[in-house]
Amino acid sequence: MSQAEETETVREDGVIESVSGPVVTATDLDARMNDVVYVGDEGLMGEVIEIEGNLTTIQVYEETSGVGPGEPVENTGEPLSVDLGPGMLDSIYDGVQRPLDVLESKMGTAFLDRGVDAPGIDMEKTWEFTPTVSEGDDVEPGDIIGEVPETESITHKVMVPPDYEGGEVTSIEAGNFTVEETVATLDSGEEITMHQEWPVRQARPAAEKETPTVPLQSGQRVQDGLFPIAKGGTAAIPGPFGSGKTVTQHQLAKWSDADIVVYVGCGERGNEMTEVIEDFPELEDPMTGKPLMSRTCLIANTSNMPVAARESCIYTGITIAEYFRDMGYDVALMADSTSRWAEAMREISSRLEEMPGEEGYPAYLAAALSEFYERAGLFQNINGTQGSVSVIGAVSPPGGDFSEPVTQNTLRIVKTFWALDADLAERRHFPSINWNESYSLYRQQLDPWFRENVAEDFPEVRQWGIDVLDEEDELQEIVQLVGKDALPEDQQLTLEVARYIREAWLQQNAFHDVDTYCEPKKTYRMLKAIKTFNDEAFEALDAGVPVDEIVDVDAVPRLNRMGTAEEWNEFIDELEDDLKEQIRELY
Amino acid sequence: MKEYQTITEISGPLVFAEVDEPVGYDEIVEIETQEGETLRGQVLESSEGIVSIQVFEGTGGIDRNASVRFLGETMKMPVTEDLLGRVLDGSGNPIDGGPEIVPDERRDIVGAAINPYSREYPEEFIQTGVSAIDGMNTLVRGQKLPIFSGSGLPHNDLSLQIARQATVPEEEGEGEEGSEFAVIFGAMGITQEEANEFMADFERTGALERSVVFMNLADDPAVERTVTPRLALTTAEYLAFEKGYHVLVILTDITNYCEALREIGAAREEVPGRRGYPGYMYTDLAQLYERAGRIKGREGSVTQIPILTMPGDDDTHPIPDLTGYITEGQIVMDRDLNSQGIEPPINVLPSLSRLMDDGIGEGLTRADHADVSDQMYAAYAEGEDLRDLVNIVGREALSERDNKYLDFADRFEEEFVQQGYETNRSIDETLELGWDLLSMLPKEELNRVDEDLIAEHYREDEGEQVEATAD
């Protein structure tokens, strides 16, 4: 349930029977599965996860130290829900949608106390509501009835809740309202406010799921260039620790061209979330020029926060994402990391003494993962708009071993796979996405978009790049045995070209002001410039010029500076001319 | 406070007792044996009528007639500034013969999570005087940076060196450095000999007076090890966030801590996770490591250097693996470098400091720091690769360029990483040394360094000299 309103349907309360970490059992509690309950004298928030006879098992979202048998358990009679409405963007929540800034001032300390509640959205604040329908219009569930300017870059659409009946609008007016005040009434007697609630474990309804054809531009060369993800697509980023999962996720949250970004820090480091909180307000969205924070909603449940809230934070995030999708926005959800979520399930499951599946994970792990990823997609909404939720999940496989259950079950569902490689990370090749192991199944359906919007020959140039990298991979095996100088000249040249693809194109410096974001056109032109070098060099080679002389040409190392060049169009124009001129001078 | 003589079962470190009134989860229990010895424990599971208790000192001497007292509160650490200079055992009792500790406050040792919103992002460079750390894997205030080591490697020497040398450069100028710096040392299951080594060094350098030492030795009860780091961190948080100290917490050895967790898990007949360690070990470790950091509006900071010995030098073992996912990087000790006599034997390639990028650069360390470090990483990695090749084809078969990288890798180990445990290098010295080495390579190869910086720092003659000697 949400903290927004006191519920009227209080059912019979129970008494604690036993406490073991986050798992509490209670007797005499009249509850349904997944009902939210308040546990103990301090009123700690929990959720019913098992009912057996008179015994109810509850997972508690807060620390249970000092709680003992005999204390009361109060049932709210409602499932775990989120508060939806204006005020979610620019916010930072814990795993059960309590705003962390409000918690700080309510608790009066920098440490997270227990038993403090706060609604997910500010109930006092007034918003300027402008109707988009008039009295007498018929509205159906999901329909947009008005707009609220929520942040600089996002207009919030006020919708008829999907579980309403709908009907004719009997009154609606413009003005300043709090989220709980009625902005419209229907002839069915239903009153519409700007505030909705939705149970997190249930997907919001949509009319139809469609095949995505537009890429989610990431501003990262290796992703846009080689392994694109579609708007409404799913991707997994597995990698051992230190391989750059979090930086990759942050880069996507910063530079991807989604309208809304929901960033879920699930069981990760506190300092990383702080970095996001401090950085994002200062960064500009490259599309709109507005602060990035005004399109971002953060959910931070760090590794030392209660484990049950870690299990729920993923659902909180995706429900918020779906709500914005219903308004017709393209939403990107980053979950860092889904392994921590799976481990939270494992921890709870083992406390329940359930029969374990593979590596101690519960047998329903695969089902839970696919249920979550299936909530992504490009949707025809019930109100006729089109919106998408793209889900990008980081995976932290123990020991970097991709054969473990979370990685394997994730790979069965997602269509883009960005494999992070500890080896590349060790030599500071970032982003350390391994080009041989990664894949994207969206390439074909996105190619028409790339041809139309970036360059007619984009897929061909990309394929050329892939071929060169493949060839390098094979040649490296020989080089390992006999050394580079033993190779024929043309193969030596291929290795040189591949090196530039790796170092000048695939590598991208997330901490460089210019290089951190690379639009698809620049991505294309940079690769094309390397291809120009390749073509010119091979012609020179055919004309009898030795490899050493070709790669020694002044202009060649300048390929490495393309990424950081501010006026990249001019820089690449000039570079291509110089390459042609200087190499042709050799023969 | 009620007393019971109702023990029904004793198993490993666990005691089960029947109760007729509710007992809180995590509460502290005192058990008095018939010999009059008092043992302390903690409630692990509390049900109507029966509780399971984990006894810190081990269950030896307890029989079914022992009496059990529930203190009605969770475990607390008495904290005060006077703790500085004191040596305590693994349960927090003084063992240095000093006066009784009069606490200012008694704090819950579990500690609440810091609200991520209230944290301040760590970006103050700590100079450790160790080039492989300062130059390549910079430590910042509020970071948790473990040392991944192995049995028989000199991780203790390195951690002592860091404890001795760590400073924040700007403060030296203001002349107030030292007064607000404190070291908390939490030892879990280390040998008496190692403990002596630490204590001797603390006394020799006078570091003890700004330290608090918690000692759980190898022959102390294993279960106590699960409490020791929490006592240490509770003290650290108090000194940092109430008294404004910059606290460096050294925890050694985390591997022993995890063994203790496993022991308790097994005694409780829990479903084991990987290699028999409990499934909640990630959460448990996170509750230790995440207690590092800075808080907005507070003066002090907690920086953690946990030390762990990787069983079989295997970094995919659950202990280093879970640690690596929580901490902000790692410093990896290498057996080969150690046998070559490199001191400290830090292998920079698998080492990492995640907070480095924000703690270095102009105004913090030096403008060229990031580029120099990046380039050295790339060059050393390339040199390392080539070493395999040399074994097969010999040096003569390699190109001149490859030979330069090989020389670079050798000198990097022998001059940059090698420095001895008594040498304290400033960040300027470290970076200049870096440029000495980078200048062995032709300018064109320095593709990760900004052109202006190359012009400023590259040693033109150095390159030729080396070339001359290489021929």
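Below, chains carry the letters A, B, ... as their sequence lines are ordered, and counting in each starts from 1. From a predicted model like this one, the values you see are computed outputs, not experimental measurements.
Salt bridge absent: A:E503 and B:R448 never bring a charged side-chain N and a carboxylate O closer than 4.0 Å.
Side-chain atoms of A:E272 and B:P116, non-hydrogen and from C-beta on, never get closer than 4.5 Å to each other. Looking at heavy atoms from C-beta onward, B:D358 lies in side-chain contact with A:E275 at the 4.5 angstrom threshold. Taking 4.5 Å as the limit, some side-chain heavy atom of A:E63 sits within range of a side-chain heavy atom of B:Q287.
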Side-chain donor-acceptor pairs of residues 42-51 of chain B under 3.5 Å, sequence neighbours excluded:
| unit_1 | atom_1 | unit_2 | atom_2 | d |
| --- | --- | --- | --- | --- |
| B:S46 | OG | B:V23 | O | 2.5 |

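Taking OG1 of B:T316 as the start and CG of A:D401 as the end, the distance is 8.0 Å to the nearest 0.5 Å. Taking CD1 from B:I295 and CD from A:E104, the interatomic distance works out to 9.5 Å, rounded to the nearest 0.5 Å. Rounding to the nearest 0.5 angstrom, the gap separating the CE atom in A:M273 from the CG atom in B:N115 is 11.5 Å. Interatomic distance, A:F511 CZ to B:D374 CG, rounded to the nearest 0.5 Å: 10.0 Å. Expressed to the nearest 0.5 Å, how far CG of B:L349 lies from CZ of A:R428 amounts to 8.0 Å.
Proximity of a side-chain donor or acceptor of A:N304 to a complementary backbone N or O of B:A113 within less than 3.5 Å is not detected. No donor-acceptor pair under 3.5 Å is formed between the side chain of A:E278 and the backbone N or O of B:E120. Formation of a donor-acceptor pair under 3.5 Å by the B:Y117 side chain with backbone atoms of A:I277 is not found in this model.
For B:S351, the part lying near chain A is the backbone, with the side chain staying farther off; criterion is any non-hydrogen pair under 4.5 Å.
Contact residues of residues 325-332 of chain B toward chain A are B:Y325, B:I326, B:T327, B:E328, B:Q330 (heavy-atom distance under 4.5 Å).
Partners of A:P362 according to the side chain to side chain contact (heavy atoms under 4.5 Å, CB included) rule, which considers only residues two or more places apart in sequence or in another chain, are A:M345, A:R346, A:S349, A:E354, A:Y364. A:D90 meets the side chain to side chain contact (heavy atoms under 4.5 Å, CB included) test with A:M293; sequence neighbours excluded.
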